[in-house]
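Written out below as structure tokens is the structure these notes cover.
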Amino acid sequence: MAPTVTAAEAPPPTVSTVAAEPQPPPTVTASDQDEFTLDAILKRIGQFGRFQLVIFLLICLPMMFHAMFSVTYVFTAATVVHRCNITECDNSASQYIEPWTEYTIPLNGKELDKCNRIANKQMSQGNESYELNICVVENYEDQPTESCPNNNFIFRDEEVTISNDFGIFCNEEWKLSLVGTINNLGQFFGIPIGGFVADRYGRTFSIALGGTLGALLGVIRSFSPSYIWFIIFEFLDNLTSSTLYSTCFIIGIELVGPKYRVWACSLITIFYAVGEVALAMFAKAFQDWRALLRVTYMPSLILLAYFWILPESVRWLLSQGKESQATDILRRAARVNGRKLSESALDKLVVCNREKLQQSQESKFPIKEAFSNFKWRIANCSFCWIVHVLVYYGLSLNVVLLDGDKYNNFAYIALVEIPGFLVPLLVMDRFGRRYSLSGLMILSGLCCIATIFVNGDNYIWQLILFLVSKLTITASFQVLYFFASEIFPTNLRNSLLSFCSMMGRFGSMLAPQTPLLAKYYPNAPLILFAGGAIISGCLTLFFPETTNIVLPTTVKEADAIGVKKKPPKSNDIAI
């Protein structure tokens, strides 16, 4: 391969006796500013060729792993179905359902009560001379309930979670809900840290480091000797791996040309749902929480190899002034895609990039200036993120219509997300980012409201409305990721997107508490979801439109999005 030729270097003269003199850099005209942007170069070498396809396949793997990392607590910290051991009736061979459970265990809704039994008349009287067979219905009629003595239970299934492993039952079940809160706290602190790492040290470094540390901590968590150690490693796991989703998404945004940007990133996020389905199937096959963690986390140790095999984002390299690395990757991409890319085009790209960075008069990481210029944009994006996370997870936690096998139900809910990830392909370029985001959020809210007015016995229509609401909020979430990636500059894109995602953790912390609202008013959760979605859907109309724009590199360029420019005079240089 020929050595890299930059704008500051030139080949020596053909006459060997003449001393080599540096030649001036290529002249960059006004038209070159548009012709030699990275998006223009990507159009020349292929907007989504074999080179990008290989990288996308590599990116899909950590996306799947992140889906499993972020929701394993649904199965590892699940309550196990159990009932009191009726000592006067049960024996070592007793099953969860026995003839005497009809009159010895009270009902809690449709299920047997997990923590209480009906007192036995003979036993409660302390009669030492009662007959051996006292497990008869007459002894339980009109008797009060009492808690299970000594946490002595009979379990329905062979499932082992931290509940029956660490003895967390009944009055202590809040510890199981706390695992989800700890999970989201880890993400709350981990997302901005991961975003900073990705913007400062690179996208590839962030994925490889976060994925590898998350894998190691997940495997270590499977050996936890107690509940305290379990939640410590739950927190650390999500602290390190929480940035995988946003960083994978941003690599997809920055890697391909504008024509395939929406399609390619929709393909990436489908693998998040695939990861959730895979988790459900693993959980069904391995119903011991320790085995489940090892099966899901150990394969992700392969992400250690990403330090060497995953190319860095060219946009990030250019924004950091690492021009030789960026041009090397573009040469390789052109070669793999079977396209030709001239050295003069690369030289002009470098010169244009240098001028752009110099004219911006910004540091490589101007976070203070960004918050000063984009405070309302960041606030609106953060609120929008909170609402999306609240509705997205809240609908899953309040899905009372789906009975049956919990592993299959979880898989069904995940499968519903796949068409939701594809909807942006149909609407984003046709209606624009703002109207797509607003319309999908409002539609999700209206479906929540409609569910309230559907007759409670009409389960089919309630189920349809629920699934449509989940589908539309998933599609809206997808649009939001595109939007947030396009309204912020390259040198801060990961950090600001991660900040908004961090704020969204408030929604995920609130979502597990929404079922408590139903105790006071059954439709309160749906009203909350609908109100938040509709209000935020209206506020998104204040965002600038970003459809078909060149991704901004600097704060100045991002600030100019949506600003109508005056027609340039004849002596002006178009930028």
Side-chain angles (χ1 to χ4, degrees), residues 73-181 225-228 230-231 287-289 397-400 403-406 409 512-522 524-525:
Y73 72 90
V74 173
F75 300 106
T76 60
T79 58
V80 288
V81 180
H82 59 275
R83 65 168 175 86
C84 289
N85 185 339
I86 309 300
T87 54
E88 67 272 22
C89 302
D90 287 312
N91 54 52
S92 59
S94 293
Q95 301 296 315
Y96 177 75
I97 297 294
E98 295 286 357
W100 51 83
T101 55
E102 295 184 8
Y103 52 82
T104 60
I105 305 294
L107 291 177
N108 186 357
K110 298 179 180 180
E111 302 293 333
L112 297 179
D113 194 297
K114 295 187 295 183
C115 301
N116 296 285
R117 55 161 290 174
I118 299 175
N120 185 293
K121 186 187 302 183
Q122 292 287 340
M123 296 179 64
S124 60
Q125 291 175 354
N127 187 357
E128 298 293 341
S129 61
Y130 53 71
E131 299 178 2
L132 291 178
N133 187 13
I134 61 171
C135 185
V136 292
V137 64
E138 292 80 8
N139 286 337
Y140 300 93
E141 291 178 344
D142 302 324
Q143 294 299 302
T145 60
E146 59 185 15
S147 60
C148 303
N150 303 320
N151 281 349
N152 190 3
F153 302 110
I154 288 181
F155 300 96
R156 186 186 66 182
D157 307 309
E158 296 182 357
E159 180 184 17
V160 178
T161 72
I162 64 169
S163 175
N164 50 351
D165 198 351
F166 298 143
I168 304 172
F169 302 107
C170 301
N171 293 334
E172 291 190 333
E173 284 190 354
W174 59 269
K175 293 182 179 180
L176 302 178
S177 301
L178 182 62
V179 174
T181 302
S226 66
Y227 173 78
I228 295 298
F230 179 87
I231 61 173
Q287 297 191 16
D288 185 310
W289 69 273
L397 293 172
N398 286 273
V399 56
V400 297
D403 298 324
D405 187 280
K406 69 176 182 180
N409 290 345
Q513 311 305 322
T514 54
L516 299 178
L517 295 175
K519 295 183 179 180
Y520 302 97
Y521 180 59

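FYI, side chains are in, hydrogens and waters are out, and symmetry mates aren't considered; it's all heavy atoms of this structure. Being a predicted model, the structure only gives us computed values, none of them experimental.
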### Query
Which word best sums up how the rings of F153 and F169 line up, parallel for under 30°, tilted for 30 to 60°, or perpendicular for over 60°?
tilted
Check side-chain hydrogen bond (donor to acceptor under 3.5 Å, both in side chains) between [X] and all other residues, then give those that pass, not counting sequence neighbours.
| X | result |
| --- | --- |
| N151 | none |
| D288 | none |
| D113 | N116 |

When rounded to the nearest 0.5 angstrom, what distance separates [atom1] in [X] from [atom2] in [Y]?
| X | Y | atom1 | atom2 | result |
| --- | --- | --- | --- | --- |
| T79 | L176 | OG1 | CG | 7.0 Å |
| R83 | N85 | CZ | CG | 7.0 Å |
| Y73 | I231 | OH | CD1 | 15.0 Å |
| T101 | L112 | OG1 | CG | 5.5 Å |

### Message
Suppose we screen for side chain to side chain contact (heavy atoms under 4.5 Å, CB included). Which residues come up paired with C89, at least two apart in sequence or across chains?
### Response
I86, W100, T104, C135, Y140
### Message
Which residues pass the side chain to side chain contact (heavy atoms under 4.5 Å, CB included) test with S226, not counting sequence neighbours?
### Response
I228, W229
### Atom CD of E138: over 12 foreign heavy atoms under 6.0 Å
yes
### Task
State whether the side chain of N120 and the backbone N or O of E88 hold a donor-acceptor pair below 3.5 Å, judged by distance alone.
no
### Main-chain N/O of N152 paired with N150 side-chain donor or acceptor, under 3.5 Å
no
Salt bridge (Lys or Arg N to Asp or Glu O under 4.0 Å) pairs, two or more places apart, involving [range]:
| range | value |
| --- | --- |
| residues 170-181 | K114-E173, E172-K175 |
| residues 93-103 | none |
| residues 141-153 | R117-E146 |

### Task
Quick one: which residue pairs count as a disulfide (SG to SG under 2.5 Å) with a foot in residues 152-181, not counting sequence neighbours?
C115-C170
### Which atom of N91 lies closest to which atom of S94, heavy atoms considered
N-OG, 2.8 Å
### Query
Is the closest side-chain heavy-atom distance between P106 and I118 below 4.5 Å?
yes
#### Entry: side chain to side chain donor-acceptor pair (under 3.5 Å) pairs, two or more places apart, involving residues 156-169
E159-K406, E159-Y407, D165-W289, D165-R290
## Note on the structure
By ring pair (Phe, Tyr, Trp, His ring centres under 6.0 Å), Y227 pairs with (sequence neighbours left out) none
